[in-house]
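Notes for the one structure printed next.
Throughout, a chain's letter reflects where its sequence line sits, starting with A, and its residues are numbered from 1.
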Protein chains: 2
Amino acid sequence: MSPAGAGRRTPRRTRQRQAVADLLAAHPGFISAQRVHSLLAEGGIEVGLATVYRCLAQMVAGGELDTIVAESAEVLYRRCSADHHHHLVCRRCGTTVEVHDPQVESWADGVARAHGFADVNHRVEVMGVCRACAL
Amino acid sequence: MSPAGAGRRTPRRTRQRQAVADLLAAHPGFISAQRVHSLLAEGGIEVGLATVYRCLAQMVAGGELDTIVAESAEVLYRRCSADHHHHLVCRRCGTTVEVHDPQVESWADGVARAHGFADVNHRVEVMGVCRACAL
DNA sequence: ACGTACATGAGAACCATTATCAGTTACCTC
DNA sequence: GAGGTAACTGATAATGGTTCTCATGTACGT
């Protein structure tokens, strides 16, 4: 087909990949690869751990998932909208709100420019306890 | 003696602890524990890896160091001021500028409150290429 | 239905970090 | 200055998340 990999190949449709995608689609907050694996196992769906990692990595590469790094240094995944945004995460239940706010974007750019930095990106995470968990 | 030193023991003065502290004091950007260990070794100062980790952890606990988690999920350390701030990091040379700006603090609080989140903290990191590296 | 390139998975490898524990040493007391 | 002790050190093992290996399986174009 296309020589020199002009496009990326279409991933094959397997029950494992489907199971991981379905679980992520249904999960409201960030979740670790290990937990994806055990949740699938609990649901009677056997998927190898290596395969879980592979599927998640591919979904991240394809822009379907966002990642954050927990304090324990494990990577957490979540299905997110494609455009730039940040996260407001409940540290009790993991419920996550996407925050789209140009204010913080221009703040970051301003700070960087003030110090002569170019080619800027940034990462913002806000953590707290959501209304439901605070009760 | 530290005033209000309720329960804090004075760390013993050893050549290992001194070596780690000196290296961090002289280092301009964030650095990993592994790299601290190898830099000391290159300088002919033998310090066990476990001891490097211990010293760094104690310095973090004592508020002498800040940490961030790199994309590779390894923890990076840097000597920082004690009060709350964020970092502007050059992704080429690692040079870091501390950013003290109440604007982003109130932004984070406002976002959290708007969604009913309480007990909020946040993490902000801005990455770019500093003036020297952009040349 | 066939063939094959891509996908899978069990387990090994990897890597940063932490725990173990016997030997060392800074520092207080006399 | 000598001595005792609790803190410190470091070689090594253990841990835990993630990635690699490679033999086997399978989706999908033909």
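Distance B:R35 CZ to C:dA16 C1': 16 Å, rounded to the nearest Å. In this structure, B:L56 places its CG atom 9 Å from P of C:dT17, rounding to the nearest Å. Rounded to an integer number of Å, the gap from A:H37 NE2 to D:dT18 P is 13 Å. In this structure, A:Q18 atom CD and C:dA7 atom P are separated by 15 Å, rounded to whole Å.
Rounded to the nearest 0.5 Å, atoms CZ (B:R54) and CG (B:L49) are 10.0 Å apart.
Annotation: side chain of B:R17 is not in contact with side chain of B:V47 (no heavy-atom distance under 4.5 Å). Looking only at side-chain heavy atoms (C-beta outward), A:Q18 and A:R13 come within less than 4.5 Å of each other. The shortest side-chain heavy-atom distance between A:D101 and A:W107 does not fall under the 4.5 Å cut-off.
Note on A:E71 versus B:R123: no salt bridge recorded, every NZ/NE/NH1/NH2 to OD/OE distance being 4.0 Å or above.
Across all strands shown, B:R13 has heavy atoms under 4.0 Å from sugar-phosphate atoms exclusively, and none from any base.
Put simply, A:R12 has no side-chain N or O that comes within less than 4.0 Å of OP1 or OP2 on D:dT26. Contact between the side-chain N/O atoms of A:T14 and the OP1/OP2 oxygens of D:dT26 is not found at any separation under 4.0 Å.
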Below 3.5 Å between N/O atoms, which protein atoms pair up with nucleotides 10-12 of chain D? Just atom names and distances, please.
unit_1, atom_1, unit_2, atom_2, d
D:dG10, OP1, B:Q16, NE2, 3.0
D:dG10, OP2, B:G48, N, 2.9
D:dG10, OP2, B:T51, OG1, 3.0
D:dG10, N7, B:R54, NH2, 2.5
D:dG10, O6, B:R54, NH1, 3.1

What N/O pairs connect the protein and nucleotides 14-17 of chain D at under 3.5 Å? Give each pair on its own line.
none

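Residues satisfying the side chain to side chain donor-acceptor pair (under 3.5 Å) criterion with A:H37, sequence neighbours excluded, are absent altogether.
Using a 30° and 60° split on the angle between ring planes, B:H122 and B:H86 fall in the tilted class, from 30° to 60°.
In summary, the side chains of A:H100 and A:E105 do not present any donor paired with an acceptor at a separation below 3.5 Å, with no hydrogens or angles considered.
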